[in-house]
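See below for the structure under consideration.
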Amino acid sequence: MNDLILEGGLVLTPDGPVTADVFVRDGIVAGLGESLGSDEATVLDCRGAWVGPGFVDVHTHLREPGEEWKEDIGSGSEAAAAGGYTAVLAMPNTDPPIDAGHLARYVADRGSEVGLVTVIPAGCVTAGRAGERLSHLDELWMAGVRVFTDDGDSVADAGLLRRAMDYLAQLGGIVAQHAIDAGLARGGHMHEGDVSSRLGMAAIPAEAESTVVARDLALVRLTGCRYHIQHVSASQTVALIAAAKAEGLPVTAEVTPHHLAFDHRVVESTDPVFKMMPPLRSPEDREALVVALRDGVIDMVATDHAPHADHEKDVPFEHAPHGVIGLEWAGAVVNTQVGLEPVAFYERLSIAPAALLGASGQGRWIEPGAPATMTVFDPEADALDHARSRSRNTPHLGRGLRGRARHTLLQGTLTHSATIVPHPS
Amino acid sequence: MRHLLSMEGVERAVIEGLLDDGDEFLEVLDRPIPKVPTLRGKTVATMFFEPSTRTRLSFEKAAKSLSADTMSFSPGTSSLSKGESLKDTVLTIQAMGVDLMVVRHAATGAPWRVADWVDVPVVNGGDGAHQHPTQALLDALTIRQRFTTLDGVRVGIVGDIRHSRVARSNVWAFAALGAEVTLVAPPTLLPLDATTWPAATTSDLDDVLTELDAVYLLRVQKERGGASVFPSLAEYTARFGMTVERFNRLKPDAVVLHPGPMNRGVEISARVADDPRALVLDQVRNGVAVRMAVLYQLLGGERDE
């Protein structure tokens, strides 16, 4: 493996940012300094950019197995690497759903074969995501699954969720909840508010999210199970998270790039690219999410990258499936809309999500001996101007976003470069 | 004006221009040969993806009175049942050669999607519970004929506001023309958040009844009756129906409108429906005239030819 020199960037070390060259040998950070020149090394220009740990996404829909016309592990890995990601948590709402050990191993193995990003499978809480009985939790655990979710649906039955939490608490597993009450959400396509009122569209109140989270927090108190709230959309949920953290409950939360970037007023256009679950909420909710991410009440950004084919989205709003892609622009949205300084930026996009997953070799500040799993992010560059995913359902193009991954390295291998053609091993 | 999709945000002068043209076309409809050659050679396609008879017939009559040809599409017998997408359906019809499409669809925003896909003007013939702009025009024309203006006219819209595209169109048109609009309905049929609507709301019809110049009754969808939005049809009629007793308490010159089809005995008593101050059939006739005005303006007719 060729030596690499990452030249002239602002390097995020355990002791804070320093401008320095980073020397990489055999997939490991070999040294930091200004005089590590080597004639045989490949030099990556990092001037004007931040050199930090690779981004980790705890909410990615890779659509494989079963819906490969939208995305597969290969195309999704390319999109991830292009966005600066070195690890993704693959959501288990595939066809078939990932509710048994061999299925989880298939996803992880396909990710390794592609080799662009570490693909970590999440497993279902309930068999077939049907919400009726537990999935093969132990088998999934043995296959390396640490995060369990029926994402796409809430685990509605409190008794069943309590049993899952009891079981996973003793293993150290995490329940990640897609918190939307099916009864309050029924038939809804967007946020319930003045926009839905004028559009005459059936809508989903913010309480559909907060009531589920409030109930679940009581179960966390009962069981001690680690609990992660997916794609927080409402300010009233933020308040519940802050209170739970103050109480010392083992709770984490994520927010998506699209909930940071948009509010429900864009749905006035009835453009299906703005249809997602949970829906875009009020301007006040959006502002609360930005503040919560800044303050760390919300721990991390997660893309909820949800590819859909053109023919599926090019229909009336009410008929379109939920979701947008986001791996390629998450860093740019956070950089542009939230404006974090580099340490906090990498904490939200890498350190916190890697800690949630317990992913070895991910989310390490740059220092000698650390794996060379890094993202060089240029905060001044124009955002990526096209999708790398198989699907194109993104609202982020043409919005003047700033920031993009200049180079992405996975254990010393260049998996994406804005300036050099990548050649993964 | 490229398309007519919504009444929300349409300027007063634009609405008045359409109503003025509508008045002129009413005169055409009164002629022995109720037809002008204005749109000869043009083709209007009525694309009704949701069942409707009266609105489609009204558009077709309007087109024919302007000497346009008409094509009509209805979902029951169409390629939609073979799984064709909405996009392919409208592109196919466009490729046959049409100059304007009237689109009705159960999904909010569908006419906007169609307008994105095709190159011809699109008229929203009703989308979901969202908009039905030609209904608002015909209702505004009907009220204007009675009071000469809508300025200061007090209009109560009574009934299932929450699920009504008629209400969502009419509030904007009436308010733009200077009327004071009050929405009257049980709490479960009022919009969930009407803070940005140009209208007041109440659940007490009798409280506002004697102040109204025009009472606009919406159709009660009987299939909703007794479900969970109000307790029973009888209770609805008792609190929100235009009974003879309520009709007699209205101002002497107040009028009653209804978009049809009426449920006699539910939201309107039969005797009120047949009273000369119930303008239901005027609305129907005005509907043809304002749709002529819309087709005429969108297909590039000259106002002063």
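Values in this document were obtained by computation on a predicted structure and should not be read as measured data. Within every chain, numbering begins at 1; the chains are lettered A, B, ... in the order of the sequence lines, protein sequences first and strands thereafter.
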The reported gap from CG in A:Leu199 to CZ in B:Arg165 (rounded to nearest 0.5 angstrom) is 14.5 Å

Does any part of the side chain of A:Glu318, heavy atoms only, come nearer than 4.5 Å to the side chain of B:Thr108, both counted from C-beta? yes

Inspect the surroundings of CG in A:Asp157 and state if more than 12 heavy atoms from other residues, nucleotides or ligands are less than 6.0 Å away. yes

- Message: A:Arg198 vs B:Gln131, test: side chain to side chain contact (heavy atoms under 4.5 Å, CB included). Steps then yes/no.
- Response: CA-CA 9 Å; A:Arg198 287 200 302 280; B:Gln131 285 285 323; over 6 Å; no

What I'd like to find out is whether the side chain of B:Arg113 reaches to under 4.5 Å of the side chain of A:Pro272, using heavy atoms alone. yes

Taken to the nearest 0.5 Å, the spacing of A:Asp194 CG from B:Asp193 CG works out to 5.0 Å

May I ask you to check whether over 12 heavy atoms, not counting those of A:Arg399, lie within 6.0 Å of atom CZ? yes

task: Taking the side chain as every heavy atom from C-beta outward, state whether A:Ser197 and B:Thr196 have any atom pair closer than 4.5 Å.
output: no

When the 4.5 angstrom heavy-atom criterion is applied to A:Glu312 and chain B, the contacting part is neither

- If you draw a 6.0 Å radius around CZ in A:Arg392, do more than 12 non-hydrogen atoms from other residues or ligands fall strictly inside? no

What one should report as the nearest heavy-atom pair of B:Ala129 and A:Gly200 is CB-O, 3.5 Å

When the 4.5 angstrom heavy-atom criterion is applied to B:Ala167 and chain A, the contacting part is neither

Report task. Would you indicate whether A:Arg186, at its atom CZ, is surrounded by more than 12 heavy atoms from other residues, nucleotides or ligands within a distance under 6.0 Å? Result -> no

TODO: Tell me yes or no: between the side chains of A:Asp314 and B:Trp117, is some donor less than 3.5 Å from an acceptor?
DONE: yes

Distance col, row B:Ser85:OG vs A:His319:NE2, nearest 0.5 angstrom, shows 12.0 Å

Are any non-hydrogen side-chain atoms of A:Met201 and B:His130 less than 4.5 angstrom apart?
no

